[in-house]
Amino acid sequence: MSRSFEHARILMYSHDTFGLGHLRRCRTIAHALVEEYRGLNVLIISGATIAGAFDYRARVDFVKIPSVIKLRNGEYTSLERHIDLEDTLTMRRSIIRHTAETFNPDIFIIDKEPMGLSGEVEETLAYLKGRGTRLILGLREVMDSPHLLDAEWKRKDVMHKIARFYDDIWVYGPPDFYDPLVGLDVPQGVRDKLNFVGFLQRNALQMDRAQYQPSGDYILVTTGGGGDGAELVEEVLRAYRHDAGLTHRALIVLGPYMPQGERTKLTQEAAKIPYVEVIEFDSRMEDLVAGAKAVVAMGGYNTYCEILSFDKPALIVPRVQPREEQLIRATRAAELGLINMLLPEESADPARLAAVLKTLPECRPPSSGNPELRLEGLRNIARIVGEELSARELTPPSVA
């Protein structure tokens with residue numbers, strides 16, 4: 001811990017409509033900041049249905065807003081089907097604004113969605129900007145294919161609003177990996193705010209909480225939240241059934257958002273294969289990655305950071321629609337020799353997938369492909385936050 005910032009407050013927003021990536025990223029940053037600075041408090045606004053299933057360190061807490069889920073066609077709906085989507089969004093906007101007014105943060109960090117789900121944080125951004133709060137947009141190193149992101153942001157006038165509201169834009173990756181705004185018409189004023197902080201390093205948690213304790217060597221198969229991960233799990237099971245010589249133990253984590261029917265079906269299928277074990281969810285995925293011999297995943301941001309952090313040989317089978325984020329990330333990582341990649345149509349061949357799984361534990365780890373790669377995101381974020389809070393102590397912001 002470098003110093004103390006008594007009564008300093010950071011508010012974070014994570015819309016969480018599909019998967020766990022946004023909440024887990026915010027939680028990782030929050031934990032790093034309170035470990036670095038005494039007296040600092042972080043509050044996360046989250047729409048994740050299972051936000052309460054995770055451990056939070058002292059001085060980190062969350063406010064749960066009503067959940068909205070993204071359907072496979074990209075449309076949104078309320079988790080509670082009897083509540084109209086617009087009514088749910090109205091409640092979310094109200095809770096976000098009231099939380100900001102009451103918590104009165106020094107810094108407000110928005111994860112990925114510049115104006116929030118359906119613009120739900122725009123009013124709060126305007127309010128906090130008037131109070132002198134530092135407004136920061138945090139972007140994954142890969143957002144989506146340029147043509148899809150450009151069309152979406154132009155439709156919502158996002159670039160103009162980023163220029164208007166935000167003081168800084170953190171990119172959670174190094175500049176030589178990928179530019180999340182490549183191919184977009186980015187005003188120089190917005191480009192000047194970009195700060196490539198680096199990938200977010202993960203550490204084994206080993207918190208005092210009774211969860212699954214694997215023993216022996218295993219290949220970890222994870223699909224993140226699991227909402228669209230059933231196909232990859234089915235392909236892994238098919239590869240084991242196809243090749244009797246595939247005897248590496250596999251630990252499959254289905255994910256909390258996998259539909260119940262698919263969870264039941266896959267669990268029953270896995271029970272027939274002696275080398276495969278299935279669990280539904282573990283909030284300490286960092287520990288499971290750390291203990292694995294190798295990882296099979298779809299390649300969302302958090303899983304990718306864990307693969308790099310614990311230096312594990314990995315096979316990525318990326319999702320290719322409706323967003324191309326995972327495909328772009330996996331393609332770039334494979335080019336750099338960091339991971340192995342199969343496209344979905346390739347992993348659908350059980351013989352091909354089985355052959356890759358057989359050799360995966362002996363494949364080169366990411367550090368062999370790029371020994372200069374460093375995960376410096378949390379360290380850089382802590383430094384930036386410390387500089388901002390120190391400056392605010394010297395010159396408190398005026399209240400409009």
Asks: Does one hydrophobic cluster hold both V182 and Y172, with members joined at side-chain heavy-atom distances below 4.5 Å?
Replies: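 Same cluster: V182 reaches Y172 through Ile, Leu, Val, Met, Phe, Trp or Tyr contacts under 4.5 Å.
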
Asks: Ignoring hydrogens and angles, write down the donor-acceptor pairs under 3.5 Å from the side chains of residues 337-346, residues two or more places apart or on other chains.
Replies:
from : atom 1 : to   : atom 2 : distance (Å)
N340 : ND2    : A314 : O      : 3.2
E346 : OE1    : L343 : N      : 2.7

Asks: So which heavy atom on G227 is nearest to which on P259, and how close?
Replies: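 Scanning both residues, the minimum pair turns out to be O-CD, 4.1 Å.
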
Asks: Can you find a heavy atom in the side chain of H248 that is under 4.5 Å from one in the side chain of L357?
Replies: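 Counting from C-beta outward, H248 and L357 never come under 4.5 Å.
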
Asks: Mind checking the OG-CG spacing from S283 to L288? Nearest 0.5 Å is all I need.
Replies: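 S283 OG to L288 CG: 9.5 Å, rounded to 0.5 Å.
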
Asks: Compute both the distance and the angle, then confirm whether R97 meets the cation-pi test with Y127: under 6.0 Å from the six-membered ring centre, within 45 degrees of the axis.
Replies: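 So R97 does make the cation-pi contact.
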
Asks: Are D150 and K154 within salt-bridge range, i.e. N to O under 4.0 Å?
Replies: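 Counted as a salt bridge, because a side-chain N and a carboxylate O are separated by less than 4.0 Å.
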
Asks: Checking K312 side chain against A290 main chain: does a donor-acceptor pair fall under 3.5 Å?
Replies: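 Yes: the side chain of K312 pairs with the backbone of A290.
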
Asks: Report yes or no: do Q260 and T264 form a side-chain donor-acceptor pair below 3.5 Å?
Replies: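 Side-chain D/A pair, Q260 to T264: present.
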
Asks: Should H31 and V60 count as side-chain neighbours, where that means a heavy-atom distance under 4.5 Å?
Replies: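 Counting from C-beta outward, H31 and V60 do come under 4.5 Å.
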
Asks: Just wondering, are more than 12 heavy atoms of other shown residues or ligands nearer than 6.0 Å to NZ in K293?
Replies: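 Not buried by this count: 12 neighbours or fewer within 6.0 Å.
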
Asks: Linking I/L/V/M/F/W/Y whenever any side-chain heavy atoms sit under 4.5 Å apart, do I279 and I219 land together?
Replies: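 No, it is not one cluster - the side chains of I279 and I219 are not joined through contacts under 4.5 Å.
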
Asks: Tell me whether L148 shares a hydrophobic cluster with M143, the cluster being built from Ile, Leu, Val, Met, Phe, Trp, Tyr side chains joined at under 4.5 Å.
Replies: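 Not linked; separate clusters.
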
Asks: If two hydrophobic side chains count as joined below 4.5 Å and joins carry through other members, does V171 share a cluster with L181?
Replies: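 V171 and L181: one cluster.
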
Asks: Give, for atom CG of L200 and atom CG of L308, the distance between the pair rounded to the nearest 0.5 Å.
Replies: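 That separation rounds to 11.0 Å.
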
Asks: Can you name the closest pair of heavy atoms from R202 and T28 and give their distance?
Replies: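 Shortest heavy-atom contact: NH1-OG1, 3.5 Å.
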
Asks: What heavy-atom pair brings L33 and A382 nearest, and what distance separates the two atoms?
Replies: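 Scanning both residues, the minimum pair turns out to be CD2-CA, 3.8 Å.
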
Asks: With a 4.5 Å limit on heavy-atom distance, are the side chains of D282 and D287 in contact?
Replies: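 No, their side chains stay 4.5 Å or more apart.
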
Asks: If every non-hydrogen atom of R3 is compared with every non-hydrogen atom of S390, which pair is closest and at what distance?
Replies: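 Reported closest heavy-atom pair: NH1-OG, 3.1 Å.
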
Asks: Should R164 and D157 count as an ion pair when the cut-off is N to O under 4.0 Å?
Replies: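 A salt bridge is absent here (no side-chain N lies under 4.0 Å from a carboxylate O).
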
Asks: Does some side-chain heavy atom of I50 sit less than 4.5 Å from a side-chain heavy atom of F281?
Replies: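 Yes, close enough: below the 4.5 Å cut-off.
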
Asks: Do I29 and L375 sit in the same hydrophobic cluster, where Ile, Leu, Val, Met, Phe, Trp and Tyr count as joined when their side-chain heavy atoms come under 4.5 Å apart?
Replies: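 Per the 4.5 Å side-chain linkage, I29 and L375 are co-clustered.
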
Asks: Taking atom types as modelled, find out whether S367 and D311 have a side-chain donor-acceptor pair closer than 3.5 angstrom.
Replies: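 Yes.
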
Asks: Could you walk me through whether R332 and E335 pass the salt bridge (charged side-chain N to carboxylate O under 4.0 Å, His left out) check?
Replies: CA-CA 5 Å; R332 178 61 176 149; E335 289 174 353; 3.4 Å; yes

Asks: If we only count heavy atoms from C-beta on, is the R329 to R140 side-chain gap below 4.5 Å?
Replies: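 Yes; the side chains approach each other to less than 4.5 Å.
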
Asks: I'd like to know if the side chain of K193 reaches the main chain of I136, judged simply by a donor and an acceptor atom lying under 3.5 Å from each other, with no hydrogens or angles considered.
Replies: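 No, the answer is negative, given that no donor and acceptor are paired below the 3.5 Å cut-off.
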
Asks: Hey, what's the ring geometry for Y13 with H15, parallel, tilted or perpendicular (30° and 60° as the breaks)?
Replies: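 Because their plane-to-plane angle is under 30°, the rings of Y13 and H15 count as parallel.
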
Asks: I'd like to know if the side chain of Q188 pairs up with that of D192 as donor and acceptor (distance under 3.5 Å, no hydrogens or angles considered).
Replies: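 D192 and Q188 do have a side-chain donor-acceptor pair below 3.5 Å.
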
Asks: Do F196 and P180 come within less than 4.5 Å of each other through their side chains, counting heavy atoms only?
Replies: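 Sidechains of P180 and F196: in contact.
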
Asks: Just wondering, do L389 and L40 contact through their side chains at under 4.5 Å, heavy atoms?
Replies: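 They are in contact (side-chain heavy atoms under 4.5 Å apart), so the answer is yes.
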
Asks: For Q321, is the CD atom crowded, meaning more than 12 foreign heavy atoms sit under 6.0 Å from it?
Replies: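 No, because the 6.0 Å sphere around CD of Q321 holds 12 heavy atoms or fewer from other groups.
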
Asks: Please assess F199 against Y304 for the test ring pair (Phe, Tyr, Trp, His ring centres under 6.0 Å), listing each intermediate value before the final yes or no.
Replies: CA-CA 9 Å; F199 290 120; Y304 181 66; 5.5 Å; yes

Asks: Nearest 0.5 Å, what's the CE-CG distance between M285 and N302?
Replies: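 Atom-to-atom, M285:CE and N302:CG are 10.5 Å apart.
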
Asks: Measure across P313 and C363 and return the closest heavy-atom pair with its distance rounded to 0.1 Å.
Replies: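 Heavy-atom minimum between the residues: CG-O, 3.4 Å.
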
Asks: If I take atom CZ from residue R352 and atom NE2 from residue H242, how far apart are they, to the nearest 0.5 angstrom?
Replies: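 The CZ atom of R352 sits 13.5 Å away from the NE2 atom of H242.
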
Asks: Step by step, would you call R238 with E231 a salt bridge (charged side-chain N to carboxylate O under 4.0 Å, His left out)?
Replies: CA-CA 10 Å; R238 196 180 303 132; E231 185 174 354; over 6 Å; no

Asks: Determine whether the side chains of Y218 and E277 contain a donor N or O and an acceptor N or O closer than 3.5 Å.
Replies: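 The criterion, which ignores hydrogens and geometry beyond distance, is not satisfied for E277 and Y218.
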
Asks: Apply salt bridge (charged side-chain N to carboxylate O under 4.0 Å, His left out) to the pair E306 and R24, showing each step before the final yes or no.
Replies: CA-CA 12 Å; E306 288 158 359; R24 293 190 65 214; 2.3 Å; yes

Asks: Within the structure provided, determine whether T99 and I45 are in side-chain contact (heavy-atom separation under 4.5 Å).
Replies: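 In short, these two side chains touch, coming nearer than 4.5 Å.
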
Asks: Just how far is it from atom NE2 of H22 to atom CD1 of I44, taken to the nearest 0.5 Å?
Replies: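 Between H22 NE2 and I44 CD1, I get 13.5 Å after rounding to 0.5 Å.
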
Asks: Roughly how far apart are I65 CD1 and L89 CG, rounded to 0.5 Å?
Replies: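 The distance works out to 9.5 Å.
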
Asks: Any side-chain to backbone donor/acceptor pair from D167 onto L135? Under 3.5 Å, distance only.
Replies: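 Yes, the answer is positive, given that a donor and an acceptor are paired below the 3.5 Å cut-off.
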
Asks: Can you name the closest pair of heavy atoms from R9 and F103 and give their distance?
Replies: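 What the structure gives for the nearest pair is NH1-O, 2.7 Å.
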
Asks: Looking at E123 and R93, is any side-chain nitrogen of the basic one under 4.0 Å from a carboxylate oxygen of the acidic one?
Replies: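 Answer for the salt bridge query: no.
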
Asks: Can we call the ring centroids of F62 and Y56 under 6.0 Å apart?
Replies: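 Under 6.0 Å, so yes.
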
Asks: Got a sec: does the CZ of R383 have more than 12 other heavy atoms crowding it under 6.0 Å?
Replies: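 Above 12, so yes.
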
Asks: Please assess E152 against R323 for the test salt bridge (charged side-chain N to carboxylate O under 4.0 Å, His left out), listing each intermediate value before the final yes or no.
Replies: CA-CA 12 Å; E152 178 183 344; R323 295 193 179 276; 3.4 Å; yes

Asks: Please determine whether the number of non-hydrogen atoms from other residues, nucleotides or ligands lying under 6.0 Å from atom CG of D176 exceeds 12.
Replies: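 Atom CG in D176 is crowded, with more than 12 foreign heavy atoms closer than 6.0 Å.
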
Asks: For G198, is there any backbone N or O sitting under 3.5 Å from a side-chain donor or acceptor partner on E376?
Replies: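 The answer is no, because no donor-acceptor pair under 3.5 Å joins these two groups.
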
Asks: Would R27 and F54 count as a cation-pi pair here, with the cationic atom under 6.0 angstrom from the ring centre and within 45° of the axis?
Replies: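 No cation-pi geometry.
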
